[in-house]
Structures are given as C-alpha cells and as structure tokens.
Amino acid sequence: MAATVTPIGRDAAARCARRRDSHATRRTGFYANLRPQLYRLIESESVDPVRNPYAPGAGQRPPELAGRDRELQQFEVVLERVARGRPERSMVVTGLRGVGKTVLLNAFRSMAIQRLWGTGKIEARPDQSIRRPVASALHMAVRELAPRHRAPDRIAEFLGVLKAFAQAGEETGGTGRGKARAHRWQPGIDVPAARGRADSGDLEIDLTELFVDAASVATDVGVGIALFVDEMQDIPADDVSALCAACHELSQVGGPLIVVGAGLPHLPAVLSASKSYSERLFRYARIDRLDRESADFALMAPAEREHVTFTPEALDELYGAADGYPYFVQAYAKVVWDVAPDTPITADDIKVAAPEAESELAVGFFGSRYDRATPAERDYMRAMAMLGDDPVPTAAVAEELGRKPSSLSPARDGLIKKGLIYSAERGLVAFTVPHFGKFLRAQPA
C-alpha cells in the first residue's frame, strides 16, 4: 500500500529542499567569488612553484632533452637501416650516474614505438639471471606485433617457444650445462610450452634460438623488435656471454632484432671480457656532462614557456653549481624556481637556493648511496676522495689507508658490486657518481 504524504510532510520536504538549494548556492557562490582572487594571486607570482617545469627524478625525462641530438640521430640511423634490411649493430650507451642514460634509453624506446616496432625493457640485477626478465620483455614486444600479424598460429607457435624458454634452466646444484628443468614460475602465456626449441637450459643456446624466432616474427610484420636493457653492467657474467652470442648470431643472419643497453663507463670492458668480438658487436655511445650551450638551453627553454627568464649572471652561477651534469641541472633549477620571487631569475636567487639544493642532493642523491656502504667500504671511499676526483690507483688508496692492497679487495669488490665505484682500467678505480668525492670530503670524519 502506497504511503500518503500529508500537507505538513509536503511543507517539511519543501523546506528541506530549499535549505539544500540555499547551501549549494552559497557554496557555489563562495568558490565562484574565491576563484578570481586565487587566479590573480597565482598570476601575480611570476615564478609560480605550481608551474615549476624542472624534473630531477630518477630516469624522469626532463622538460627539454638537450645535448643529446647526436645520440638520437645515431639511433634514428639504426632504426632506418634495420627497416631497410641493412646489417646493423646493437647499441650501448655508457656514462656516470646522473648523465641521463635511462632518459635516453626511454627516448630511444619511444622512437621505436613510433615506428610501430615491438619493444620491451628490463633492468638488470647482479643476483638475477636475465632469462625471466627477457622472456617478459619479449612477450610484451610480440604482443604489440600480434594484432598486425596475418597468421595467429605463427604467433601462438612463437609464444610456445617463449614459454619453454622462460621455464627452462640449469639443474640446481648441477655442474653440467644443458640439463633443463621446469620452474614453477609461469610467464602468463596461455599456450602449451614448445619442446625442443629454446628449452635446453643452456642460456646461450636458448637465447640465440629465442632471438632468431622473435626476429622471424618481426620480419613477417615488416618491422623490428628492440630489447632495452638498463643497468647492463649488472648482468651476471655467464648471461652477458649468452647475450653477446645471441646478438652475434642475429648480426650474421640479419634478423631485425636489436639490443639497446645502458650502463656505467666500464660496461664496454664487461662486454669485452665475455666475448672478444663484443667491441665489433655494439655501437657504443659515451655520454657525459652537457656543454654550456646545451645546459643553458635545458634551463631556458622550459622557463620561457612559462614566461620566465634568467639573467646571464644567473646562468653562469647555475652552470658553475651543476657543472653541466643533467641531473644536477634539474635539481638546482627546481629549487631556484621555487625560491625566486620574480622574473628574471638572478644570480642572487641562485646563491640563496644553492644551499637548499645541495642539502637535497646530500640526502637523496649522495647520502642514499653512502648509507648502503659498510664501514670498511666507507673508509675506502673516503680514501679515494682524499686523493682527488679523477680515477685513482688502488695502490694509492691502500697507501692512504696504511693497508696492504690485497687486504682491501673485499671492500673494493663490494663497492663495485653496489655500483658505487668502477674500475676505470686495470689498477684504477673511480666513483660512478659525479661530485661524490666532493660530498665525502665535506662529511665529518
């Protein structure tokens, strides 16, 4: 039975509705009146922190990718040659921390995606085989190509090989190679694993067969596949050898699959130690700090889009502080923007902001790395810092500490494994992070 509404009930309901409408009108009116005041306030701040364009993040693309035109053009040539069926080498980018290797790697990947290539990316770890990460990356790359392939059975066949590769590995604790076993890990591929292809358990054999099959799928579609490997120097030694062998086979058969790696300055030596032909296998690109023109452009271009400028003296101060390293350029510029009261940004603004920027770097960029080291490793790094900022002889570090060089091997090897130092050449070590020596010299003993 339907309920009846009395006149008193109707009046109460009407009053409630009017009250809600009145409150809504007042709220709307309040924000409507406040909005112009907020806009005027924001517009009065020429250097508005909300509009700060700078991005000092790990691997985060800066607002202006300055000073890397040569590397981008090199990769464009690689893509075009592969597209035309011409023989081409894979590519490796090296440099210190903070010079923008990961950013450049991501830019390369975007270029490949624009050409409708299949792409996948991994980040190597020293304690992890590349078998599973590579399987996941190639799974992603082939999924990108699958909708354009005319033969679904061909894709399913490759995915079966990929699943077999992902699940195969050496016997635990075994000394022989080539013994395969199935892992419980499942790669999320909804086809049966193939048998007799890329499943031997020997990574060099399996990876070569997998790359050749993946390149064949890409050939069917008329494009290429690019596998991007960040922190490439951390790939375990046996896996580096397998990766080089697979790339070597691809270079001989002309398959449209390339590996694009990024790593620390000693990465070429790591590759060369695994296969003697690696120096002919990859196209190497060493990136470093930005020159003055590029550093200024990285600062001015994003600022001008926000109608903010820098005085010449401010640019001088910023280049001196950041020393041209892309991460430092972004870090200093972000703090300067936040503290500057107006445009143009002046040298005095830089001097006010510098201590705060250096404090943030000391905690996030330098301090986080320093904290990972053991006391013995910290002593080793402090001794390196006291000897200067260039690569230093390991014998000189031992002399600085009053120790025998052999007794310092564990500390040195631990720092290399943690990516804090690298062996620039035989008998020499250097910091992987620019200005790390300066940071250590400023720390209390």
| said: Tell me whether the count of non-hydrogen atoms from other residues, nucleotides or ligands lying under 6.0 Å of OH in Y284 goes above 12. | reply: yes

| field | Under-4.0 Å salt bridge between K275 and E204 | value | yes

| query | Relative to the ring of F366, is the ring of F439 parallel (under 30°), tilted (30 to 60°) or perpendicular (over 60°)? | reply | parallel

| For D238, does its backbone N or O pair with a side-chain atom of S241 as donor and acceptor, under 3.5 Å? | no

| request: Test the R412-Y380 pair against the cation-pi criterion, namely NZ or CZ under 6.0 angstrom from the six-membered ring centroid and within 45° of the ring axis. | output: no

| message | Checking the side chain of T219 only, and the main-chain atoms of A215 only, is there a donor and an acceptor separated by less than 3.5 Å? | response | yes

| said: Quick check against the 3.5 Å criterion: does S407 have a side-chain atom that pairs as donor or acceptor with the backbone of K404? | reply: yes

| request: Taking atom CZ of R86 as the centre, report whether more than 12 heavy atoms of other residues, nucleotides or ligands fall under 6.0 Å from it. | output: no

| remark: Partner of M300 under side chain to side chain contact (heavy atoms under 4.5 Å, CB included), picked from T309, V308, L315, is L315

| Are any side-chain N or O atoms of S136 and backbone N or O atoms of R132, one a donor and one an acceptor, separated by less than 3.5 Å? | yes

| task | Would you kindly check if the NZ (Lys) or CZ (Arg) of R97 is within the cone defined by 45 degrees around the ring axis of Y327 and under 6.0 Å from the six-membered ring centre? | result | no

| Are R283 and E88 close enough for a salt bridge, meaning some N to O gap below 4.0 Å? | yes

| Polar side chain donor-acceptor pair, Y325 to R289, under 3.5 angstrom | yes

| request: Spell out, as yes or no, whether a donor-acceptor pair under 3.5 Å connects the side chain of E209 to the backbone of A198. | output: yes

| task | Keeping the roles fixed (side chain from K418, backbone from R372), state whether a donor-acceptor pair exists under 3.5 Å. | result | yes

| query | Do the charged groups of R369 and E377 touch, with an N to O distance under 4.0 Å? | reply | no

| query | Any donor and acceptor pair, going by atom type alone, linking the side chain of K101 with main-chain N or O of G95 inside 3.5 Å? | reply | yes

| field | Ion pair D296/R292, N-O distance below 4.0 Å | value | yes

| task | In sequence, state the C-alpha distance, the side-chain angles, and the governing distance for I416 and Y422, and then conclude on side-chain contact (heavy atoms from CB on, under 4.5 Å). | result | CA-CA 5 Å; I416 290 174; Y422 69 98; 5.8 Å; no

| said: Check this for me: does any side-chain nitrogen of one of R441 and D389 sit under 4.0 Å from a carboxylate oxygen of the other? | reply: yes

| query | Judged by atom type as modelled, is there a donor-acceptor pair below 3.5 Å linking the side chain of R378 to the main-chain atoms of D371? | reply | yes

| field | Residues E231 and Q233: side-chain donor-acceptor under 3.5 angstrom | value | yes

| Charged N to carboxylate O under 4.0 angstrom, R89 versus E279? | no

| said: Under a 4.0 Å threshold between the charged nitrogen and the carboxylate oxygen, would R109 count as salt-bridged to D230? | reply: no

| task | Over all heavy atoms of both residues, which pair between S216 and R154 is shortest? Give the atoms and the distance, please. | result | OG-NH2, 2.7 Å

| Is the backbone of A245 close enough, under 3.5 Å, to the side chain of E249 for a donor and an acceptor to pair up by distance? | no

| task | Check whether more than 12 heavy atoms from other residues, nucleotides or ligands sit under 6.0 Å from atom CD of Q252, and answer yes or no. | result | yes

| Test: D206 and R197 ion pair at under 4.0 Å | no

| task | Check the angle between the aromatic planes of F328 and F365 and answer parallel, tilted or perpendicular using the 30° and 60° thresholds. | result | perpendicular

| query | side chain to side chain contact (heavy atoms under 4.5 Å, CB included) with D338: which residues, sequence neighbours excluded? | reply | P49, N52, K334

| task | Taking only Lys NZ, Arg NE, NH1 and NH2, and the carboxylate oxygens of Asp or Glu, determine whether R286 and E71 approach each other closer than 4.0 Å. | result | no

